[in-house]
Amino acid sequence: IDVFLWETAERGALSIDALLDYYGIPASIPYAEVPPEEFFEGVTEFYEWQQEDERRNVQNFRVLRDLLFTNTTALKHYWVGEHNVHVFLWGRTRDGNYVGLKTHIVET
């Protein structure tokens, strides 16, 4: 997961089109907006079979989720692509900028 800061004074308003351009992702790739809560689905739950390091990762994801959902507004979450997927989640900070997360997944 990569963290990004989008300063509106420098780059203007943040949109999915602006992110695609910034990351060099072709605008022709299909994308879909999904509920922000789904970004953390599956990585914030504890399971009996998890080892100590996996439980630490769950706790770290919970902290990250809580920080983002508590300190930003107007959260947006997009999946870009179909099998080779770029995933973005961002929200607006109190100072009017944006902070977000970007990750990449491969669906089989």
Side-chain angles (χ1 to χ4, degrees):
I1 294 180
D2 296 320
V3 176
F4 64 86
L5 175 64
W6 189 274
E7 295 182 359
T8 56
E10 181 181 318
R11 295 187 177 133
L14 180 57
S15 67
I16 188 60
D17 293 327
L19 276 177
L20 295 178
D21 184 55
Y22 179 77
Y23 282 101
I25 300 169
S28 61
I29 294 178
Y31 61 81
E33 186 171 4
V34 293
E37 300 79 20
E38 289 185 16
F39 185 88
F40 293 98
E41 205 169 80
V43 296
T44 54
E45 300 297 322
F46 288 112
Y47 300 99
E48 288 182 21
W49 51 263
Q50 289 175 321
Q51 300 295 318
E52 178 83 18
D53 60 333
E54 293 167 314
R55 290 182 163 275
R56 275 194 304 274
N57 284 339
V58 168
Q59 187 57 39
N60 289 338
F61 277 115
R62 285 180 169 194
V63 168
L64 181 59
R65 176 198 61 200
D66 294 347
L67 281 170
L68 193 61
F69 279 66
T70 300
N71 294 295
T72 65
T73 59
L75 285 159
K76 298 286 185 181
H77 179 200
Y78 284 88
W79 279 45
V80 181
E82 294 174 340
H83 299 291
N84 193 5
V85 183
H86 300 275
V87 183
F88 295 96
L89 174 68
W90 73 84
R92 190 146 197 178
T93 60
R94 289 185 191 113
D95 64 2
N97 294 310
Y98 297 88
V99 64
L101 307 173
K102 178 192 181 300
T103 192
H104 180 256
I105 59 174
V106 176
E107 287 195 309
T108 57

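All of these numbers come straight from a predicted model, not from anything done at the bench.
Distance check: Glu41 CD to Arg65 CZ gives 11.5 Å after rounding to the nearest 0.5 Å. Put simply, OH on Tyr23 and CG on Leu20 are 11.0 Å apart, with the number rounded to the nearest 0.5 Å. Within the model, atoms CD1 of Ile25 and CD1 of Ile16 stand 7.5 Å from one another, a figure rounded to the nearest 0.5 Å. Distance check, rounded to the nearest 0.5 Å: CD of Gln51 to CG of Asn57 gives 12.0 Å. The CD atom of Gln59 lies 14.5 Å from the CD atom of Glu54; values are rounded to the nearest 0.5 Å. Here the OG1 atom belonging to Thr103 is positioned 7.5 Å from the CG atom belonging to Asp2, to the nearest 0.5 angstrom.
When all heavy atoms are compared, the tightest approach of Asn97 to Thr8 is OD1-N, 2.8 Å. Smallest separation of non-hydrogen atoms from Thr72 and Leu75: OG1-CD2, 3.4 Å. Of all the heavy atoms in Leu89 and Pro36, the pair that sits closest is CD1-CB, 3.9 Å. The minimum heavy-atom distance linking Ala18 with Ala13 is given by the pair CB-O, 4.3 Å.
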>> Could you go through Leu19 and Val80, starting from their C-alpha distance and side-chain angles, then the distance that decides it, and tell me whether this counts as side-chain contact (heavy atoms from CB on, under 4.5 Å)?
In response: CA-CA 11 Å; Leu19 276 177; Val80 181; over 6 Å; no
>> Would Glu107 and Trp79 count as a side-chain contact (heavy atoms from CB on, under 4.5 Å) here? Give the steps.
In response: CA-CA 12 Å; Glu107 287 195 309; Trp79 279 45; 3.4 Å; yes
> When you look at Tyr31 and Asp17, which way does the side-chain contact (heavy atoms from CB on, under 4.5 Å) test go after all the steps?
Replying inline: CA-CA 10 Å; Tyr31 61 81; Asp17 293 327; 3.6 Å; yes
>> Go through it in stages, so that I can follow the logic: the residues are Phe61 and Ile1, the test is side-chain contact (heavy atoms from CB on, under 4.5 Å), and I'd like the CA-CA distance, side-chain angles, deciding distance and then a yes or no.
In response: CA-CA 11 Å; Phe61 277 115; Ile1 294 180; 3.4 Å; yes
>> Does Glu52 form a salt bridge (Lys or Arg N to Asp or Glu O under 4.0 Å) with Arg56? I'd like the steps, not just the answer.
In response: CA-CA 6 Å; Glu52 178 83 18; Arg56 275 194 304 274; 3.6 Å; yes
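Tyr78 and Ile29 end up in the same hydrophobic cluster when Ile, Leu, Val, Met, Phe, Trp and Tyr side chains are linked at under 4.5 Å. With hydrophobic clusters built from ILVMFWY side chains whose heavy atoms lie under 4.5 angstrom apart, Val58 does not share a cluster with Leu64. Under the 4.5 Å side-chain heavy-atom criterion for grouping Ile, Leu, Val, Met, Phe, Trp and Tyr, Val99 is not connected to Trp6 through any hydrophobic cluster. Placement of Val3 and Ile105 within a single hydrophobic cluster is found when ILVMFWY residues are connected by side-chain heavy-atom separations under 4.5 Å, directly or transitively.
For the 3.5 Å distance criterion, the side chains of Asp95 and Thr93 qualify, holding a donor opposite an acceptor.
Here the side chain of Arg92 pairs no donor or acceptor atom with the backbone of Thr73 at under 3.5 angstrom. Side-chain N or O atoms of His77 include one that pairs as donor or acceptor with a backbone N or O of Pro35 at under 3.5 Å. A donor-acceptor pair under 3.5 Å links the side-chain atoms of Arg55 to the main chain of Tyr47, judged by distance alone. Between the Trp90 side chain and the Leu5 main chain, no donor and acceptor come within less than 3.5 Å of each other.
Side-chain contact between His104 and Asn84: present, with at least one pair of heavy atoms (C-beta onward) separated by less than 4.5 Å. Looking only at side-chain heavy atoms (C-beta outward), Phe40 and Leu101 come within less than 4.5 Å of each other.
No more than 12 heavy atoms of other residues, nucleotides or ligands sit less than 6.0 Å from atom OH of Tyr22. Counting heavy-atom neighbours within 6.0 Å of Phe69 CZ, excluding the residue itself, gives a total above 12.
Ring geometry for Phe88 against His86 counts as parallel: the plane angle stays under 30°, on a 0 to 90° scale with 60° as the upper cut.
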